[in-house]
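This chain uses plain numbering: 1 for the first residue, then up along the sequence.
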Amino acid sequence: MLGRIEKVKIGIERLSSDLYGLNDSDSLVRLYNYQTFKAEIVRGFILYLQLAIEHLLKELLIFRLKGGVKVFTVKKIKHMVEDMRPHEIVEWCGRLNLVSKRQYHQIAALNRTRNACAHKWHLTAPRNTKDQLGRRMKVPVVGFNGKNLLKEDVFRDDFMPVYSKVYLKLFRKVLRIRKYI
């Protein structure tokens, strides 16, 4: 087993080095490439987390709609839910009280963060904006509670505790409705 793990680990290191130029001879280029790689790890995790939570919300929504008036078949309900956009799924789960008000706001914020990650090419360069007094200021492209989400401590200590809790609560809820627990 250890040999297989080492083989996969080496493959990951080789792939990341090749894709992101982590072994470049120029130290400034290598630093930039490592910063880019770190931002891509965060981006990928946010996309993955949002999709996982969206999947759980779809499960809850399908379960709730199946139990209502029998106008639609289960197959039709699944197709309707699958065709919804992420923000529509969050909205409907909020309207039907499938998530708490706090969870609704947290998931909506995660969806906005996911959108920033998915639609912005360069996550590490701050964007310029103006405050309420018209003063120019720089804000992170991907933020969480006014902080730069690409900073390790913000991601690990602020962001992850919130969304791991949201995910686990939704996961338990889905397990209960499927009668696994």
Gap separating the [atom1] atom of [X] from the [atom2] atom of [Y], nearest 0.5 angstrom:
X: I107; Y: E91; atom1: CD1; atom2: CD; value: 11.5 Å
X: M80; Y: I62; atom1: CE; atom2: CD1; value: 9.5 Å
X: N33; Y: L19; atom1: CG; atom2: CG; value: 11.0 Å
X: W92; Y: L57; atom1: CH2; atom2: CG; value: 14.5 Å
X: R102; Y: K169; atom1: CZ; atom2: NZ; value: 7.0 Å
X: L170; Y: L175; atom1: CG; atom2: CG; value: 11.0 Å

Restricting to non-hydrogen atoms, name the atom on [X] and the atom on [Y] that form the minimum distance, rounded to 0.1 Å.
X: I46; Y: F155; answer: CG1-CE1, 4.3 Å
X: A116; Y: V142; answer: CB-CG2, 4.5 Å
X: N97; Y: K173; answer: O-NZ, 4.5 Å
X: A108; Y: V90; answer: N-CG1, 4.2 Å
X: I177; Y: E59; answer: CD1-O, 4.1 Å
X: N148; Y: V154; answer: O-CB, 3.4 Å

In the single-linkage hydrophobic clustering (I, L, V, M, F, W, Y; side-chain heavy atoms under 4.5 Å), do [X] and [Y] co-cluster?
X: L22; Y: L150; result: no
X: L96; Y: F63; result: yes
X: Y34; Y: I41; result: yes
X: L168; Y: Y48; result: no
X: I5; Y: I12; result: no

Taking the side chain from [X] and the backbone from [Y], do they hold a donor-acceptor pair closer than 3.5 Å?
X: Y163; Y: Q50; answer: no
X: D24; Y: V29; answer: no
X: R64; Y: L98; answer: no

* To do: Please state whether the rings of F171 and Y167 are parallel, tilted or perpendicular, taking 30° and 60° as the class boundaries.
  => parallel
* To do: Please say whether more than 12 non-hydrogen atoms of neighbouring residues, nucleotides or ligands are located less than 6.0 Å from CZ in R85.
  => no
* Which residues satisfy the salt bridge (Lys or Arg N to Asp or Glu O under 4.0 Å) test with E152, sequence neighbours excluded? -> K38
* To do: Show the numbers, then the answer: is there a side chain to side chain contact (heavy atoms under 4.5 Å, CB included) between M84 and L61?
  => CA-CA 11 Å; M84 288 181 180; L61 196 51; 3.8 Å; yes
Between [Y] and [X], is there a side-chain heavy-atom distance shorter than 4.5 Å?
X: F72; Y: K66; result: no
X: S17; Y: R14; result: no
X: L49; Y: I53; result: yes
X: L47; Y: R43; result: yes

* Return each pair, listed once, that meets ring pair (Phe, Tyr, Trp, His ring centres under 6.0 Å) where at least one residue sits in residues 5-25; pairs must be two or more places apart or across chains. => Y20-F37
* Asked: Is it true that R114 and E54 make a salt bridge, defined as a side-chain N closer than 4.0 Å to a carboxylate O?
  -> no
